[in-house]
Amino acid sequence: MPELPEVETVAAGLRPHLVGRRIVRVDLRFPTIVRHPEPEQFVDGVTGRVVEALTRRGKYLLFHLTDGYLMVIHLGMTGHLQLFEPDSDFAPHVHAAFLLDDGKQLRYRDVRRFGRLLFGTEDELLAHRAIPRLGPEPIDDAFTATDLYRRLHARRAPLKALLLDQAVVAGVGNIYADESCFRARVRPDRPGSSLSRPAVRRLREALQESLTTAIANRGSSVDSYRDAFGERGSQQERLLVYGRGGQPCATCGRPLSTIRLAGRTTVFCRRCQR
DNA sequence: TTAAATTCCTGTAAGC
DNA sequence: TGCTTACAGGAATTTA
């Protein structure tokens, strides 16, 4: 499922093909995938505008369009964005298709339909809470251990739940929450407030390490994730704990434990993580 | 304000 | 083999 590294990989792959291109037609095949504004307004707003830049914020893709407008796409769990020749067959579950002025077609496909499309000015999207308030970008240099400590210290929820909260840190999902806790040698079920400053420093390092390594490997294709060219990432082959419950810990060799935390399957090592 | 539970959605895999 | 059921999870929404 797409988290920060996967969304970053999609953005990097699409950027050279989209920036400078005009969207000349929008085929909205499943209108409820649009969450803001009404589907007709979405189509009207996007049509005819040029993609001036493509950026990422948390797990959101931001298409910066003419006149200060944004088209925002969240891939949910199974969302895919890929360029096709317009006369090629549509795969099942393609909910939206954007025809570009160079003849290519950008298609949004999403089997489980947890993804969403949005359009508006930045202020408008924030005001309507279509885009939630997001915490800092964890791979930013400005993301400091002091800041993270302040965000965790006041909270009693389990660390894992806080890492999944996009208002605490943007872009972390189930895979990299588990990976980061393991790398930081911290139990994911500890209350956020119980973490010492050294533990938070390790956690910050672990988050950056997990995420940047995953970006370098073009993301984790553990479910249906594919990049903008339909290719799998390779980070899933290097994951230390996610999806490895019962298998030996890479550090101590003891079987990894699986628990349910914040409604999510959580894997960690009872010996190495304290 | 915070935290936990619920909901949405369908392909896949396990179990009988 | 074929059916049923559980499971995967991001984030909005609901409940306490």
Side-chain angles (χ1 to χ4, degrees), chain A residues 1-10 29-37 56-62 72-81 90-96 108-118 120 125-135 137-138 150-181 188-195 211 214 219-226 232-233 235-236 239 241-246 258-268:
Chain A
M1 52 296 312
E3 303 181 24
L4 187 154
E6 290 75 30
V7 179
E8 180 71 25
T9 302
V10 170
R29 299 156 60 98
F30 192 89
T32 56
I33 205 79
V34 172
R35 301 302 173 87
H36 184 89
R56 178 195 58 75
R57 177 78 173 97
K59 301 173 195 171
Y60 291 83
L61 285 162
L62 309 181
V72 178
I73 298 186
H74 192 296
L75 299 174
M77 285 190 60
T78 55
H80 300 253
L81 278 172
F90 273 63
H93 311 293
V94 171
H95 305 311
Y108 178 72
R109 176 172 184 239
D110 187 357
V111 171
R112 278 176 237 180
R113 302 208 297 266
F114 276 17
R116 62 209 62 202
L117 312 185
L118 312 153
L125 293 175
L126 288 170
H128 285 83
R129 295 200 301 168
I131 298 182
R133 60 191 205 296
L134 295 173
E137 287 290 325
R150 188 172 52 75
R151 289 168 180 277
L152 299 177
H153 187 64
R155 305 284 295 268
R156 283 195 296 275
L159 173 60
K160 170 80 175 269
L162 298 173
L163 290 176
L164 294 176
D165 182 347
Q166 301 301 296
V168 173
V169 173
V172 177
N174 205 32
I175 297 174
Y176 301 107
D178 277 9
E179 294 295 300
S180 299
C181 287
D189 54 350
R190 279 176 56 177
S193 57
S194 77
L195 269 73
L211 296 167
S220 299
S221 292
V222 291
D223 194 353
S224 66
Y225 166 74
R226 298 292 184 277
R232 297 167 63 87
Q235 183 64 25
Q236 70 279 3
L239 297 177
V241 287
Y242 179 87
R244 299 176 52 86
T258 302
I259 60 172
R260 199 145 180 96
L261 208 52
R264 299 287 174 265
T265 300
T266 301
V267 182
F268 72 103

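Chain naming here is simple, since letters A, B, ... match the order of the sequence lines and numbering starts at 1 in each. Just so you know, these numbers come straight off a predicted model, no measurement behind them.
When the nearest nucleotides of DNA chain B are assigned to A:R133 and A:R113 by heavy-atom distance, the more 5′-ward of the two goes with A:R133. A residue-by-residue look at A:A154 and A:T32 shows that A:A154 has its nearest nucleotide of DNA chain B further toward the 5' end.
Atom NE2 of A:H80 and atom P of B:dC9 are 18 Å apart (whole Å).
A donor atom on one side chain and an acceptor atom on the other are not found under 3.5 Å apart for A:Q235 and A:Y176.
Under the side-chain hydrogen bond (donor to acceptor under 3.5 Å, both in side chains) test applied with A:N174, the options A:E3, A:K160, A:R264 reduce to a single match, A:K160.
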Problem set entry | A:F30 and A:D110: CA distance, side-chain angles, deciding distance, side chain to side chain contact (heavy atoms under 4.5 Å, CB included) verdict | CA-CA 10 Å; A:F30 192 89; A:D110 187 357; over 6 Å; no

Inset, instruction - Give the intermediate values and the outcome of side chain to side chain contact (heavy atoms under 4.5 Å, CB included) for residues A:T266 and A:D189. - result: CA-CA 9 Å; A:T266 301; A:D189 54 350; over 6 Å; no

Letter by letter from the 5' end, nucleotides 4-16 of chain C scores (B base, S sugar-phosphate only, - none; protein heavy atoms under 4.0 Å) ----BBBBS----

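Between the side chain of A:Q166 and the backbone N or O of A:G58, no donor-acceptor pair lies under 3.5 Å.
The distance from atom OH of A:Y225 to atom CE of A:M1, rounded to the nearest 0.5 Å, is 12.5 Å.
Counting non-hydrogen atoms under 4.0 angstrom, A:P158 reaches the backbone sugars and phosphates but no base.
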